[in-house]
Amino acid sequence: MKQRFTTHATFSIERIYRAAPERVFAAWSDRNAKARWYPAAEVFDFRVGGREFTQGGPAGGPVFTFDAYYQEIVPNERLVYTYSLDQGELRISVSIATVELTPTGDGTKLVFTEQGAFFDGHDTPEQLEQGTQQLLDLLGKSLGESNAETFELISRRKLDAPRNLVYRAWTEPELLAQWWGPHGFTNTFNSFDLRPEGVWEYTMHGPDGTDYPHRNVFQEIGPERIVLRHETGHPFIVTATFEDTQGGTEVTFRQKLASKEDYDKLKPICEEGNEQNLDRLGSLLKKI
């Protein structure tokens, strides 16, 4: 009979993100935002006593079950949860995790601490720490990038669709209208002239019924790169590039503002709005 044993261990990981604590906290507390970097939850009840439940694993491999309960939530500062991790029908570890957020000069310092009990060698502290490191790296990517010197916001996303399908979603107005803009917005296209110096005019309808007219002018059109100039209100340039990756397409979305004043004003709105835009693109691609 195999002898059973338990390994107890604690590890701590630090990350610096160039995003405000509110955005980093939202990456944990908002279901859609968390799904950008963590396996999508089947149950997501973000409150003290609430549960998060996720099942998944590699194709043809074992099914892993993450079953967590939130123990403390201090918005934008601290999050504590306990969870069990199962491989198939086998429980392999139980942990308590603490996420602490501290504002820095241009972003947020995150400290992730986990205290775990690991059973019979099926899971190890080293394996879990490595996996957590990778997830926190993905979290950083999900927040996007910002460059105050060039007034630029950058979002990157790997989408599970071939490049030609992603390109169609950007260039066919009946598809583009379904995903363009943050969550809850819809669009009415007035003109869409897909050629260099062609005009794209549309009205974006907000969830509260407010209408926002927009005018864009295409600068470049091609299967690997689209560039457009936004001329309404605060002007900016959007550059979208499409790169084949294993199993899909990596989209890089760059928004370059015209001035520091515009950058400082729009950054808190646009950096999350751009991520939501790519969320909606990904959802549409799964349907078509």
Side-chain angles (χ1 to χ4, degrees), residues 18-19 32-33 35-37 138 140-147 150-183 185-187 189-204 212-258 262-263 266-267 269-288:
R18 294 183 64 179
N32 290 324
R36 297 173 194 153
W37 64 276
L138 290 174
K141 293 180 180 179
S142 79
L143 297 170
E145 304 170 27
S146 58
N147 191 325
T150 61
F151 318 139
E152 192 171 36
L153 303 174
I154 305 171
S155 297
R156 305 180 194 277
R157 192 71 59 88
K158 181 179 178 181
L159 302 171
D160 294 328
R163 188 176 61 175
N164 66 322
L165 187 58
V166 177
Y167 183 72
R168 281 184 55 204
W170 278 81
T171 56
E172 296 183 12
E174 63 274 14
L175 296 178
L176 181 60
Q178 296 181 52
W179 67 268
W180 188 259
H183 295 310
F185 285 75
T186 59
N187 299 286
F189 285 16
N190 305 310
S191 65
F192 189 80
D193 186 6
L194 187 69
R195 61 181 178 83
E197 296 304 320
V199 175
W200 169 26
E201 291 184 319
Y202 62 99
T203 300
M204 187 176 288
Y212 303 90
H214 292 270
R215 174 185 168 92
N216 294 329
V217 178
F218 291 105
Q219 304 295 288
E220 296 182 33
I221 301 293
E224 297 180 354
R225 174 182 165 103
I226 293 175
V227 181
L228 60 87
R229 184 177 71 249
H230 181 268
E231 296 185 338
T232 309
H234 302 277
F236 55 80
I237 300 293
V238 168
T239 301
T241 58
F242 316 109
E243 181 180 354
D244 290 321
T245 62
Q246 186 174 8
T249 305
E250 181 166 297
V251 176
T252 301
F253 184 103
R254 296 176 179 270
Q255 181 183 20
K256 185 175 177 60
L257 284 304
D262 286 353
Y263 176 85
L266 295 182
K267 178 177 181 291
I269 302 170
C270 291
E271 59 184 354
E272 175 60 22
N274 293 346
E275 295 294 340
Q276 292 183 16
N277 213 8
L278 294 181
D279 289 346
R280 298 183 69 193
L281 171 58
S283 296
L284 175 67
L285 291 170
K286 291 177 181 178
K287 297 177 183 177
I288 61 174

Would you check, one step at a time, whether the test side chain to side chain contact (heavy atoms under 4.5 Å, CB included) holds for Tyr202 with Phe192?
CA-CA 8 Å; Tyr202 62 99; Phe192 189 80; over 6 Å; no

Worked check of side chain to side chain contact (heavy atoms under 4.5 Å, CB included) between Glu224 and Arg163:
CA-CA 8 Å; Glu224 297 180 354; Arg163 188 176 61 175; 3.1 Å; yes

Begin from the C-alpha positions of Phe189 and Trp200 and carry the test ring pair (Phe, Tyr, Trp, His ring centres under 6.0 Å) through to its verdict.
CA-CA 8 Å; Phe189 285 16; Trp200 169 26; 5.5 Å; yes

Report the C-alpha distance between His214 and Glu231 in whole Å, list the side-chain angles of each, state the deciding distance to 0.1 Å, and finish with yes or no for side chain to side chain contact (heavy atoms under 4.5 Å, CB included).
CA-CA 8 Å; His214 292 270; Glu231 296 185 338; over 6 Å; no

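For the atom pair Cys270 SG and Asn277 CG, the distance stands at 10.0 Å (nearest 0.5 Å).
Proximity of Phe185 to Arg280: side-chain heavy atoms (C-beta onward) are separated by under 4.5 Å at one or more points. Arg168 is listed as a side-chain neighbour of Leu175, based on a closest heavy-atom distance under 4.5 Å. Between Asn190 and Thr203 there is a side-chain heavy-atom pair separated by less than 4.5 Å. For the pair Arg157/Glu275, a side-chain contact is recorded, criterion being any heavy-atom separation below 4.5 Å from C-beta on.
Under 4.0 Å is where a charged nitrogen must lie from a carboxylate oxygen, and between Arg36 and Asp279 at least one such pair does. Under a 4.0 Å N-O distance rule, the pair Arg215/Glu201 qualifies as a salt bridge.
Other residues, nucleotides and ligands contribute over 12 non-hydrogen atoms within 6.0 Å of the NZ atom of Lys267.
In plain terms, the two heavy atoms of Pro173 and Thr171 that are nearest each other are CD-O, 3.5 Å.
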